[in-house]
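Take a look at the structure below.
Computed from a predicted structure; not experimentally measured.
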Amino acid sequence: MKLKLHFFATAITALILSGCGAPSTAPDPAVDASEAERVRDAGPTTPLATDPETVSDTRKIVMLGDSLTAGFGLPPSDALPEQLERLLIAQDYAVEFVNAGVSGDTSAGGLARYDWSVASVNPDILVLALGANDYLSGLDPDQTRANLTAIIERTQAADIPILLVSLSARSAEASDPRAAAFAEIYPDLASTHSIPLHEGLMDPIFDKPEFLMPDGLHPTAPGVGVIAQPLADTLAMVLSEQD
């Protein structure tokens, strides 16, 4: 099986960084205080309806991630979780998303805030999208794997279904052992823990500058819409399996 690498080529350089500083600067793993406050203080989005019976059937989905989840440079309503919610509601799924994205977060950061970002919400589904900043920071792939494994195991222990979102690579050649090791993490975890995997989140727009911000790295609101559609389709399958 061919391994892809480069981790999004140029895009991974700052795709999930807070503030999107100089491309040569490694991301600060520390959680941005204002962003963390926004995520911690943000309540669930408006339910589909006020009818108690309808609200009780609404499934709450937490998306745990970094700046791509948080919606770097975008109004909150244009961030990925919010766009996913609208797409799924349009398909007649009763859902409400909680945006638990923190710009610059690593897998260790996601694990450290698991209690207030995930457990406190007690979601019906967790969408897990972390790991790119680990690669940028030069962290050992084994540590990233261990952190993501810990998040998955805690979630499964609480009987919460998980959708894992991979940070796929773009090259067909596997010449960088470290990049190859990171590329293997997601399919391996999905197989080991028997959880669904959504691959290549940013792939649909990497070569389409019209869907990227001027930095050429972060998606615009329409760009988020493009990557949200296939992810919404994957989530729809997960939701259907629960019916």
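Under the 4.5 Å side-chain heavy-atom criterion for ILVMFWY residues, a single connected hydrophobic cluster contains both Ile160 and Ile195. Leu189 and Val118 fall within the same hydrophobic cluster, defined by Ile, Leu, Val, Met, Phe, Trp and Tyr side-chain heavy atoms under 4.5 Å apart, directly or through other members. Leu231 is connected to Val224 through a chain of hydrophobic side-chain contacts under 4.5 Å among Ile, Leu, Val, Met, Phe, Trp and Tyr, so both are in one cluster. Val165 and Leu88 fall within the same hydrophobic cluster, where Ile, Leu, Val, Met, Phe, Trp and Tyr residues are linked whenever their side-chain heavy atoms come under 4.5 Å apart, directly or through other members. Cluster membership for Ile227 and Leu87, using ILVMFWY side-chain heavy atoms within less than 4.5 angstrom, is not shared.
Remark: Asp124 CG to Leu239 CG distance equals 9.0 Å, nearest 0.5 Å. With rounding to the nearest 0.5 angstrom, the OH atom of Tyr114 is 6.5 Å from the CG atom of Leu126. Summarising the geometry, atom CG belonging to Asn99 is positioned 12.5 Å from atom CD1 belonging to Ile61; distances are rounded to the nearest 0.5 Å. A distance of 7.5 Å separates CG in Leu64 from OG1 in Thr69, rounded to the nearest 0.5 Å. With rounding to the nearest 0.5 Å, the separation of CZ in Phe97 from CD1 in Ile89 is 9.0 Å. In this structure, the separation between CD on Gln229 and CG on Leu84 is 9.0 Å, given to the nearest 0.5 Å.
A heavy-atom distance below 4.5 Å is not found between the side chains of Lys60 and Asn122. Looking only at side-chain heavy atoms (C-beta outward), Leu235 and His198 stay at 4.5 Å or farther from each other. The shortest side-chain heavy-atom distance between Ser166 and Ile185 does not fall under the 4.5 Å cut-off. Looking at Gln242 and Ile125, their side chains come closer than 4.5 Å, going by heavy atoms from C-beta outward.
Listed by chain and number, the residues in a salt bridge (Lys or Arg N to Asp or Glu O under 4.0 Å) with Asp159 amount to none (sequence neighbours excluded). With sequence neighbours excluded, no residue forms a side chain to side chain donor-acceptor pair (under 3.5 Å) with Glu153. With sequence neighbours left out, the side-chain contact (heavy atoms from CB on, under 4.5 Å) criterion links Ala150 to Leu111.
Of all the heavy atoms in Gly110 and Ile151, the pair that sits closest is C-CD1, 4.1 Å. Considering every non-hydrogen atom in both Pro196 and Val238, the closest pair reads CG-CG2, 4.0 Å. Heavy atoms only, all atoms of each residue included: Ala129 and Asp66 are closest at O-OD2, 3.7 Å. Closest approach of Gly131 and Tyr186 over heavy atoms only: CA-OH, 3.4 Å. Considering all non-hydrogen atoms of both residues, Ala100 and Val62 come closest at CB-CG1, 3.8 Å. Here the shortest heavy-atom pairing between Gly223 and Ile205 reads O-CD1, 4.0 Å.
Judged purely by atom type and a 3.5 angstrom limit, Arg145 has no side-chain atom pairing as donor or acceptor with the backbone of Asp140. Here the side chain of Asn133 pairs a donor or acceptor atom with the backbone of Asp105 at under 3.5 angstrom. Formation of a donor-acceptor pair under 3.5 Å by the Ser67 side chain with backbone atoms of Ala70 is not found in this model. Within the 3.5 Å criterion, the main-chain N or O of Ser107 finds a donor-acceptor partner in the side chain of Asp134. Side chain of Gln91 to backbone of Ala236: no donor-acceptor contact under 3.5 angstrom is found. Of the possible polar contacts, one joining the Gln83 side chain to the Asp78 backbone as a donor-acceptor pair under 3.5 Å is found. Side-chain N or O atoms of Arg86 include one that pairs as donor or acceptor with a backbone N or O of Ser77 at under 3.5 Å.
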Quiz item: What's the verdict on side-chain contact (heavy atoms from CB on, under 4.5 Å) for Met213 and Leu74, showing C-alpha distance, side-chain angles and the deciding distance?
Solution: CA-CA 10 Å; Met213 292 184 180; Leu74 298 172; 3.6 Å; yes
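Ring geometry for Phe182 versus Tyr135: interplanar angle over 60°, hence perpendicular rather than tilted (30 to 60°).
Between Asp115 and Arg154 a salt bridge is recorded (basic side-chain N to carboxylate O distance below 4.0 Å).
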